[in-house]
Amino acid sequence: MELATTYTYDVVIIGAGPAGMCAGMYAGRSMLKAVVLERGFPGGELLNTELIEDYPGFETILGHELAQKFADHATKFGAEFRNGVTVDCVEKRTDGRFETRTDSGDVYESPAVIVTAGGTPVKLGIPGELEYAGKGVSYCAICDGAFFRNQTIAVVGGGDAATEEADFLTRYADKVYLIHRRDELRSSKILQQRLFANPKVEVIWNTVVESVEGDEQGLVKTLKLRDVLSGEASDLAATGLFVFVGFRPNTGIIDGHVDHDDMGYLLTDTNMHTSIRGLFAAGDVRSQLTRQVTTAVGDATTAAIAAEKYLKALADGHPEEPITGTGGYTA
Ligand SMILES: Cc1cc2nc3c(=O)[nH]c(=O)nc-3n(C[C@H](O)[C@H](O)[C@H](O)COP(=O)(O)OP(=O)(O)OC[C@H]3O[C@@H](n4cnc5c(N)ncnc54)[C@H](O)[C@@H]3O)c2cc1C
């Protein structure tokens with residue numbers, strides 16, 4: 001039996017998406033001993049995004065290429081990555097230090113933690129959804145789109161992800177139905193323009209998917225729909241259902257009360273400090289107006305620099321001192 005190990009770091013970063021990798025880079029540049037714990041591979045949602053067109057400096061870049069660049073950059077400045085490590089829980093001890101416990105039993109001890117764990121796709125919660133997950137039901141267009149070449153599929157949702165991915169999926173599918181429960185989309189206008197200009201996409205308004213049904217091979221065959229205005233039921237023949245109805249922040253790992261908004265996203269001050277001193281949050285886990293790669297790395301920059309200042313105050317014996325300073329901008 002392998003024995004669990006306790007590791008000691010200056011700062012533990014939970015999640016290697018854009019925010020975690022950027023926090024790792026800045027922590028490394030500040031000469032902090034930093035580790036980025038990632039349950040999968042570095043990249044986060046970038047690995048689920050085919051093309052990024054709105055990251056400054058790159059007119060277009062593949063999501064996985066940008067992820068690799070982020071990881072290489074953080075590694076170059078000394079951040080350590082531990083992949084395949086799932087964090088179960090992070091807890092502040094009575095001595096003021098944090099214990100980050102992982103699925104292997106290993107514990108990472110540190111005076112500061114930056115949570116960059118992103119979010120998890122929201123499920124529809126309808127019969128057949130989980131049964132056919134991976135057999136036609138998907139939450140990731142770039143991962144699974146190619147399985148639906150020349151087929152008829154459906155996308156559910158009305159936000160940016162649903163709009164963008166319905167358009168993207170027409171690279172593979174012959175026909176993509178976008179099913180939305182309202183009579184207008186919530187997505188940005190430029191994404192809507194692209195979608196409406198795509199002849200392979202048809203929007204089914206004011207409609208919900210009530211269940212997913214399969215064929216004798218256990219693959220998705222039919223979607224049971226209901227018009228929310230008329231109450232009328234109908235069947236849609238489709239071999240795939242892509243669900244993009246939102247994300248839930250991955251904040252369940254925090255033991256003890258931490259301030260959050262109604263949706264569970266972490267509340268921070270402008271230094272990315274949560275209500276738990278020494279615990280910082282950045283990226284999609286944080287309550288904010290928008291969630292993009294740019295905002296994730298912006299948050300992470302602030303979080304890493306604030307963590308460094310917090311550690312300095314701690315070393316000087318003033319852990320309650322407000323975090324202030326030029327933040328790297330020197331006139
Ligand atoms: C389909 C889609 C398309 C998008 N397109 C764009 C776009 O074109 N441009 C743009 O700017 N943004 C886009 N976004 C949004 C952007 O990807 C996110 O805002 C960004 O990835 C957030 O970064 P993050 O590091 O906060 O979180 P994430 O990217 O979600 O990374 C979080 C990481 O934490 C890890 N993690 C979670 N829990 C644990 C745990 N308990 N233990 C260990 N590791 C854990 C996860 O595995 C993940 O790697 C898109 C998002 C989606 C879903």
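Side chains are part of it too, since the values below use all heavy atoms of this structure and drop only hydrogens, waters and symmetry mates. Counting starts at 1 for both ligands and their atoms, in listed order.
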Original post:
Considering only heavy atoms of Leu37, which atoms of ligand 1 have at least one such atom less than 4.0 Å away?
Top reply: 43 (C), 44 (N)
**OP:** Taking atom types as modelled, find out whether Gln151 and Thr239 have a side-chain donor-acceptor pair closer than 3.5 angstrom.
**Re:** yes
Original post:
Taking only heavy atoms of Arg291, which atoms of ligand 1 are found under 4.0 Å from at least one of them?
Top reply: 15 (C), 19 (O)
Subject >> Backbone or side-chain N or O of Ile52 under 3.5 Å from ligand 1 N or O >> reply: no
**OP:** Around atom 27 (O) of ligand 1, find the nearest protein heavy atom and jot down its residue, atom name and distance.
**Re:** Gly118 CA, 3.5 Å
**OP:** Starting from atom 42 (N) of ligand 1, find the nearest protein heavy-atom neighbour and note its residue, name and distance.
**Re:** Val87 N, 2.9 Å
Original post:
Under a 4.0 Å heavy-atom limit, does Ala296 contact ligand 1 with its side chain, its backbone, both, or neither?
Top reply: side chain
Original post:
What residue and heavy atom of the protein are closest to atom 5 (N) of ligand 1, and at what distance?
Top reply: Thr49 CG2, 3.5 Å
**OP:** Please determine if Glu232 and Arg226 form a salt bridge, counting it only when a charged side-chain N lies under 4.0 Å from a carboxylate O.
**Re:** no
Original post:
Does the pair Glu91/Arg93 count as a salt bridge with the N-to-O cut at 4.0 Å?
Top reply: no
**OP:** Go through ligand 1 atom by atom and flag the ones less than 4.0 Å from a non-hydrogen atom of Thr116.
**Re:** 32 (C), 33 (C), 34 (O)
Original post:
Is the shortest distance from a Lys or Arg side-chain nitrogen in Lys33 or Glu109 to a carboxylate oxygen in the other one below 4.0 Å?
Top reply: no
Original post:
Polar-atom distance check: Val293 versus ligand 1, any N or O pair below 3.5 Å?
Top reply: yes
Original post:
Nearest protein heavy-atom contact for atom 14 (N) of ligand 1: which residue, which atom, what distance?
Top reply: Gln292 NE2, 4.2 Å
**OP:** Please could you name the atoms of ligand 1 that Ala117 approaches to less than 4.0 Å, counting only its heavy atoms?
**Re:** 32 (C), 34 (O), 36 (N), 37 (C), 38 (N)
**OP:** Answer with yes or no whether the side chains of Arg82 and Tyr108 bring together a donor and an acceptor at under 3.5 Å.
**Re:** yes
Subject >> Atom pair NZ (Lys224) and OG (Ser211), whose distance is rounded to the nearest 0.5 Å >> reply: 6.5 Å
Original post:
Is the closest basic N to carboxylate O distance between Lys312 and Asp316 below 4.0 Å?
Top reply: yes
**OP:** Please say whether Phe244 places an N or O atom under 3.5 Å from an N or O atom belonging to ligand 1.
**Re:** no
Original post:
Salt bridge between Arg277 and Glu320, side-chain N to carboxylate O under 4.0 Å?
Top reply: yes
Subject >> Sub-4.0 Å atoms of ligand 1 with respect to non-hydrogen atoms of Thr86 >> reply: 42 (N)
**OP:** Take Glu99 and Arg97, measure what salt bridge (Lys or Arg N to Asp or Glu O under 4.0 Å) needs, and give me the verdict at the end.
**Re:** CA-CA 7 Å; Glu99 263 186 27; Arg97 292 175 70 83; over 6 Å; no
Original post:
Do ligand 1 and Phe41 have nitrogen or oxygen atoms that lie under 3.5 Å from each other?
Top reply: no
Original post:
Any donor-acceptor pair under 3.5 Å linking the side chain of His180 with the backbone of Val156?
Top reply: no
Original post:
Among all protein non-hydrogen atoms, which one is nearest to atom 49 (O) of ligand 1, and what is the separation to 0.1 Å?
Top reply: Glu38 OE1, 2.7 Å
**OP:** Report, in ascending order of atom number, the atoms of ligand 1 lying under 4.0 Å from any heavy atom of Gly283.
**Re:** 26 (O)
Original post:
Just which atoms of ligand 1 are under 4.0 Å from any heavy atom in Phe247?
Top reply: 53 (C)
**OP:** Look only at interatomic distance and state if Glu53 has a nitrogen or oxygen under 3.5 Å from any nitrogen or oxygen of ligand 1.
**Re:** no
Original post:
Under 4.0 angstrom from ligand 1, any heavy atom of Gly40?
Top reply: no
Original post:
Is the NZ or CZ atom of Arg29 positioned over Phe77's six-membered ring, under 6.0 angstrom from the centre and within 45° of the axis?
Top reply: yes
Original post:
So Ile14 and Thr100, side-chain contact (heavy atoms from CB on, under 4.5 Å) or not? Walk me through it.
Top reply: CA-CA 9 Å; Ile14 303 172; Thr100 300; 4.1 Å; yes
Original post:
Under 3.5 Å between some N or O of ligand 1 and some N or O of Glu165?
Top reply: no
Original post:
Under 4.0 angstrom from ligand 1, any heavy atom of Val85?
Top reply: yes
Original post:
How far is atom 9 (N) of ligand 1 from its nearest protein heavy atom, and which residue and atom name does that atom have?
Top reply: Asp54 OD1, 2.8 Å
Subject >> Check: Glu45 N/O within less than 3.5 Å of ligand 1 N/O >> reply: yes
Subject >> Sidechain N-carboxylate O distance under 4.0 Å for Asp88, Arg101 >> reply: no
Subject >> Protein contact to atom 39 (C) of ligand 1 [nearest heavy atom, distance to 0.1 Å] >> reply: Arg39 CD, 3.8 Å
Original post:
What is the distance from atom OG1 of Thr75 to atom CE of Met21, rounded to the nearest 0.5 Å?
Top reply: 9.5 Å
**OP:** Please report which non-hydrogen protein atom sits nearest to atom 34 (O) of ligand 1, along with the residue it belongs to and the distance in Å to one decimal place.
**Re:** Gly15 CA, 3.2 Å
Original post:
How about Tyr265 and Phe247: are their ring centroids closer than 6.0 Å?
Top reply: no
